[in-house]
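See below for the structure under consideration.
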Amino acid sequence: MDKSRYRRSPRKGHSLSTAPVFAIIDDDEALRQALAELLEVSGYDCRTFADADGFLSAYAPGRFICLVTDLNLPGKSGLVLQQHMRCMDPGLPVIIISANPDALTRSRCLASGAVAYLIKPIRDQVLLRHLAAALGRC
């Protein structure tokens, strides 16, 4: 049997069809792929997008459990996307990632409703801890 087609569901008692899906948005393809691989080897399902518009075209209420987005994206920024999602889906946790360590930018993102602001390079365990919190498994 080819077990590579099956993924462990992060929530006990959930079938694969109802497994939570994380959204990753970053215009850096290498980072996007690395984050997707980290989530997949950790047992999470995810979808990746190169920009906010790609995510918004795939968005449907309840489809994603958490959004991980880069701050600086082509078109809509991660902050603009986070503010937009706050109106569309106020319960959707948003984690913003950025190479910008500026405290004012971090404060603006958190004040706008982001649950975390992580500085690149992102430590795997820190991201996974925030994703677990999004699932309510802290």
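Note on L73 and L71: same hydrophobic cluster, where clusters join Ile, Leu, Val, Met, Phe, Trp and Tyr whose side-chain heavy atoms are under 4.5 Å apart, directly or indirectly. Both I24 and V126 sit in one connected hydrophobic cluster of ILVMFWY residues. Membership requires side-chain heavy atoms under 4.5 Å apart, directly or through other members. Residues L135 and I95 share a hydrophobic cluster, clusters being chains of Ile/Leu/Val/Met/Phe/Trp/Tyr side chains in contact below 4.5 Å. Grouping the Ile, Leu, Val, Met, Phe, Trp and Tyr side chains by contacts below 4.5 angstrom, directly or via other members, places L131 apart from V21. Hydrophobic clustering of Ile, Leu, Val, Met, Phe, Trp and Tyr side chains at less than 4.5 Å, counting indirect connections, unites L39 with V115.
No side-chain heavy atom of L67 sits less than 4.5 Å from a side-chain heavy atom of F22. V68 places none of its side-chain heavy atoms less than 4.5 Å from the side chain of I25. The shortest side-chain heavy-atom distance between I96 and L118 does not fall under the 4.5 Å cut-off.
Residue pairs meeting the salt bridge (Lys or Arg N to Asp or Glu O under 4.0 Å) criterion with at least one member in residues 29-38, sequence neighbours excluded, do not occur. Pairs engaging residues 110-125 under the salt bridge (Lys or Arg N to Asp or Glu O under 4.0 Å) rule: D26-K120, D70-K120 [sequence neighbours left out]. Sorted pairs that involve residues 90-119 and meet salt bridge (Lys or Arg N to Asp or Glu O under 4.0 Å), not counting sequence neighbours, are lacking altogether.
Here the straight-line distance linking atom OH of Y117 with atom CG of L79 works out to 9.5 Å at 0.5 Å rounding.
In this view, A58 and R47, F49, R63 satisfy the side-chain contact (heavy atoms from CB on, under 4.5 Å) rule, not counting sequence neighbours.
Taking each heavy atom of I65 and A134 in turn, the nearest pair found is CG1-O, 4.2 Å. The two residues D28 and A30 come nearest to each other via the heavy atoms OD1-N, 3.0 Å.
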Practice problem: Start with the C-alpha gap between D53 and K76, add the side-chain angles, then the distance that decides, and say whether salt bridge (Lys or Arg N to Asp or Glu O under 4.0 Å) holds. | Solution: CA-CA 8 Å; D53 289 333; K76 291 180 184 69; 2.8 Å; yes
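In this structure a side-chain-to-backbone donor-acceptor pair under 3.5 Å is present from S98 to N100.
The hydrophobic cluster of L104 has no other members, since no ILVMFWY side-chain heavy atom comes under 4.5 Å of it.
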Can you give each donor-acceptor pair under 3.5 Å made by side-chain atoms of residues 80-94, sequence neighbours left out, with the distance rounded to 0.1 Å?
residue	atom	partner	partner atom	Å
Q82	NE2	S112	O	2.7
Q83	NE2	S112	OG	3.2
R86	NH1	S112	O	3.0
D89	OD2	Y59	OH	3.0

